[in-house]
Amino acid sequence: MFDIKWIRENPDAFDAGLKGRNRPPAAAQVLALDAKLRAEQTLLQETQARRNAASKEIGAAKAKGGDGAALIAEVAAFKERLQQGEEATRRFEVEIRDLLAGFPNAPASDVPVGVDESANREVRRSGTPRAFDFKPKEHFDLGESLGLMDFEAAARVSGARFVVLKGALARLERALGAFMLDLHTREFGYTEVSPPVLVRDHAAFGTAQLPKFEDDLFQTKPPRAPEDSDSGGRFWLVPTAEVPLTNLVREQILDQAALPMRMTAQTLCFRAEAGAAGKDTRGMIRQHQFIKVELVSVTAPEQSDAEHERMTACAEEVLKRLDLPYRVVMLSTGDMGFAAKKTYDIEVWLPGQDRFREISSCSNCGDFQARRMNARYRTEGQKGTRFVHTLNGSGLAIGRTLIAVLENYQNRDGSIAVPVALRPYMGGLETIARTD
RNA sequence: GGAGAGGUGGCCGAGUGGCCUAAGGCGGCGGUUUGCUAAACCGUUGUACGGUUGAAAAGCCGUACCGAGGGUUCGAAUCCCUCCCUCUCCGCCA
């Protein structure tokens with residue numbers, strides 16, 4: 001969400017940001033609306049001032065024993081004008097707010113400009129893809145051959161884009177989550193959180209899933225919810241723990257001493273993925289439901305760039321410990337998410353697909369979400385409050401990490417070596433193999 | 001699901017039609033006092049918009065904001081309606 005004052009003072013910078021996002025300029029439209037609103041406000045305020053003065057006189061007259069009838073008739077005539085002014089003012093306010101809520105965040109100055117992922121810039125690589133002396137399989141072949149990954153069973157229960165993991169693979173999923181949480185909490189100072197995964201409209205608005213991306217979300221509501229209420233008693237299933245974690249500071253005024261605030265959570269994530277039909281239909285890459293360990297930081301504005309690098313490094317460390325090759329990519333203006341001003345994607349090497357695939361996305365949202373959430377902080381010794389900066393990143397997506405382990409650690413016979421770092425979490429198991 | 005109670009400034013909390021320009025307290029900030037700290041005392045205290053003075057910093061005036069929206073009224077934190085949210089007890093439930 002943009003600050004209307006900032007747009008007033010920097011209309012060109014605002015339009016430049018939109019241009020980077022491949023959108024037409026809009027400052028003129030915003031400012032015209034803003035001018036109309038303020039003119040309407042001024043008119044309303046003047047009328048209100050006259051009404052207030054007259055009403056005061058009526059009160060004084062009555063106190064002296066008079067009836068103030070002449071004044072009452074005079075003030076009553078204001079009524080219609082006041083109502084019209086209030087209605088017009090409110091209408092413009094809503095219009096501006098809705099308009100502002102629909103603009104994506106302005107990209108940071110070092111973000112490559114482009115229309116899509118082809119303009120993304122590779123930043124660095126780590127690890128060397130293993131040389132196979134056989135043709136490496138894709139994860140779904142490996143999992144199904146092991147008898148531990150069952151898409152048909154999942155389809156019988158829930159339809160397409162779900163999976164059932166069993167035995168050692170179910171445990172591997174659990175091990176990955178525990179491993180990541182331990183790393184982030186013990187070594188990187190993140191506080192483990194177990195948040196709600198059903199959230200209200202205002203929380204989804206705060207992190208900018210609403211109002212533009214409603215179609216990507218599952219929603220639900222309790223039985224017998226009041227039919228006539230605005231939201232219908234609705235909840236949204238979170239597409240990422242970013243939503244509840246970031247919203248933990250909504251409507252709060254934090255002490256600067258509490259910053260940076262670092263939180264991590266493992267949660268289920270739910271995505272309707274309406275527009276993605278036909279893409280990655282096989283396997284676990286794109287599911288309606290998956291588990292992810294999320295990292296969220298809340299910082300002072302001056303800290304957020306450094307925190308962004310640090311957060312990305314924390315996510316990368318998971319892959320390093322698992323000895324999985326990856327690269328880091330800075331997304332172009334056209335490929336970034338709505339709320340982000342700068343994003344690093346981490347892409348893991350998948351030998352079965354012979355390509356890098358996204359496994360984490362780390363974004364600095366600046367004050368974009370903080371404005372929507374009204375999340376501020378106060379510095380001791382200074383007047384007033386400032387909006388915090390918020391950052392989020394996957395650390396990592398568990399399902400895709402599991403895929404990466406299967407494909408990178410596969411043996412010729414279809415068995416899977418367990419990465420050394422995960423063995424303590426797997427009861428010392430060294431190899432996942434078919435058991436029947 | 002049943003019954004009840006609530007939502008007021010950074011926080012707690014008073015406030016049943018005009019004296020609300022929201023009491024009081026806490027916290028914050030500034031000051032006085034003081035080897036230092038603490039305490040005490042004095043002062044101060046939000047957001048948005050408009051107008052105005054000023055080179056600026058800032059000041060002054062006005063309007064709105066007491067969960068949201070609508071209504072009654074010359075006038076609403078206060079009365080009425082709808083909605084949202086929270087809490088308590090009971091019931092059900094992992």
Side-chain angles (χ1 to χ4, degrees), chain A residues 1-9 30-31 33-98 100 194 196-206 210 221-236 244 247 249-259 367 370-388:
Chain A
M1 179 83 92
F2 281 89
D3 179 7
I4 183 73
K5 268 194 284 187
W6 184 85
I7 298 177
R8 256 181 235 147
E9 288 159 16
V30 172
L31 293 181
L33 205 52
D34 182 48
K36 275 198 232 171
L37 168 66
R38 291 204 279 173
E40 200 62 56
Q41 272 179 336
T42 304
L43 195 67
L44 176 63
Q45 287 179 10
E46 282 165 1
T47 313
Q48 282 168 331
R50 281 157 66 192
R51 180 203 60 192
N52 290 351
S55 291
K56 218 165 220 171
E57 277 184 58
I58 292 167
K62 285 196 169 176
K64 284 181 192 161
D67 65 356
L71 275 169
I72 287 177
E74 191 183 319
V75 176
F78 286 159
K79 192 169 177 147
E80 198 177 336
R81 265 159 65 193
L82 283 169
Q83 273 185 347
Q84 283 172 357
E86 280 170 20
E87 199 200 318
T89 302
R90 193 169 47 249
R91 206 173 54 236
F92 285 132
E93 277 171 353
V94 168
E95 206 176 325
I96 288 191
R97 201 194 58 211
D98 290 351
L100 290 181
S194 179
V197 295
L198 293 177
V199 301
R200 297 281 182 185
D201 283 28
H202 59 255
F205 178 86
L210 293 182
K221 60 181 178 183
R224 293 178 299 279
E227 293 285 333
D228 50 349
S229 71
D230 286 347
S231 65
R234 166 176 67 187
F235 290 96
W236 301 93
N247 275 284
V249 299
R250 69 176 294 111
E251 290 155 43
Q252 299 289 300
I253 299 180
L254 308 166
D255 287 331
Q256 186 171 24
L259 306 178
D367 64 7
R371 283 181 191 285
R372 289 169 163 253
M373 299 188 299
N374 198 20
R376 296 161 292 166
Y377 76 100
R378 193 196 312 279
T379 305
E380 204 175 328
Q382 283 179 18
K383 280 186 77 174
T385 55
R386 298 170 76 196
F387 288 109
V388 296

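Keep in mind that the numbers below use all heavy atoms, side chains included, and drop hydrogens, waters and symmetry copies. Proteins get letters first, then strands, A, B, ... in listed order; numbering begins at 1 in each.
One finds a side-chain N or O of A/R51 lying less than 4.0 angstrom from the OP1 or OP2 phosphate oxygen of B/A64. In terms of phosphate contacts, A/R200 brings no side-chain nitrogen or oxygen within less than 4.0 Å of OP1 or OP2 of B/C84. For A/K56 and B/G75, the shortest distance from a side-chain N or O to OP1 or OP2 is not below 4.0 Å. Between B/C74 and A/N52, no contact under 4.0 Å exists linking OP1 or OP2 to a side-chain N or O.
A gap of 15 Å separates the P atoms of B/A77 and B/G9, to the nearest Å. One C1' atom belongs to B/U72, the other to B/G10, and the distance between them is 35 Å to the nearest Å. The C1' atoms of B/A23 and B/C81 are separated by 31 Å, rounded to the nearest whole Å. Atom name C1', nucleotides B/U47 and B/U8: the rounded distance is 15 Å, in whole Å. One C1' atom belongs to B/C66, the other to B/U21, and the distance between them is 15 Å to the nearest Å. Look at the C1' atom in both B/U73 and B/C80: the space between them is 12 Å, to the nearest Å. For the P atom pair drawn from B/C19 and B/G91, the interatomic distance equals 49 Å after rounding to whole Å. Distance noted for atom C1' between B/G70 and B/U53: 41 Å (whole Å).
Interatomic distance, CG of A/L44 versus OG1 of A/T89, reported as 4.5 Å (0.5 Å rounding). Between atom OG1 of residue A/T385 and atom CG of residue A/L254 there is a gap of 10.5 Å, rounded to the nearest 0.5 Å. Atom CZ of residue A/R97 and atom CG of residue A/L37 lie 12.5 Å apart, to the nearest 0.5 angstrom.
Atom C1' of nucleotide B/U63 and atom CG of A/L43 are separated by 12 Å, given to the nearest angstrom. Distance A/E46 CD to B/U52 P: 11 Å, rounded to the nearest Å. Rounded to an integer number of Å, the gap from CD of A/Q45 to P of B/G51 is 9 Å. If you measure from atom CG of A/D255 to atom P of B/C29, you get 10 Å, rounded to the nearest angstrom. Between the CD atom of A/Q48 and the C1' atom of B/C65 there is a distance of 11 Å, given to the nearest Å. When rounded to the nearest whole Å, the span between CZ of A/R91 and C1' of B/G70 equals 16 Å. For the pair A/E251 CD and B/C11 C1', the computed distance is 15 Å after rounding to whole Å. Summarising the geometry, the separation between CG on A/N374 and C1' on B/C65 is reported as 14 Å, rounded to the nearest angstrom.
Ranking B/G70, B/U72, B/C74 by closeness to the A/Q83 side chain, first place goes to B/U72. Checking B/A48, B/U73, B/G10 against the side-chain heavy atoms of A/K79 singles out B/U73 as nearest. Among the nucleotides B/U73, B/C49, B/C74, the one closest to any side-chain atom of A/V75 is B/C74.
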Side-chain polar contacts of residues 2-9 of chain A - donor-acceptor pairs under 3.5 angstrom, sequence neighbours left out - could you list them?
residue : atom : partner : partner atom : Å
A/D3    : OD1  : A/K5    : N            : 3.1
A/R8    : NE   : A/D34   : OD2          : 2.6
A/R8    : NH2  : A/D34   : OD1          : 3.2
A/R8    : NH2  : A/D34   : OD2          : 3.4

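Closest approach of A/R371 to A/M1, counting heavy atoms only: CD-O, 2.9 Å.
When base pairs are accepted only as Watson-Crick or G-U wobble with both N-N or N-O distances under 3.5 Å, RNA chain B takes part in stems of 3 or more pairs at B:1-7 with B:84-90, B:10-12 with B:24-26, B:27-32 with B:40-45, B:46-53 with B:58-65, B:67-71 with B:79-83.
Between A/V199 and A/N247, the closest side-chain pair of non-hydrogen atoms is not below 4.5 Å.
Counting non-hydrogen atoms under 4.0 angstrom, A/A49 reaches the backbone sugars and phosphates but no base.
Between the A/R250 side chain and the A/H202 main chain, a donor and an acceptor come within less than 3.5 Å of each other. A donor-acceptor contact shorter than 3.5 Å is absent between the side chain of A/D367 and the backbone of A/F387.
A salt bridge between A/E40 and A/K36 is absent, with no side-chain N of the basic residue lying under 4.0 Å from a carboxylate O of the acidic one.
Annotation: of the two residues near RNA chain B, A/R376 and A/R90, the 5′-most nearest-nucleotide partner is A/R376.
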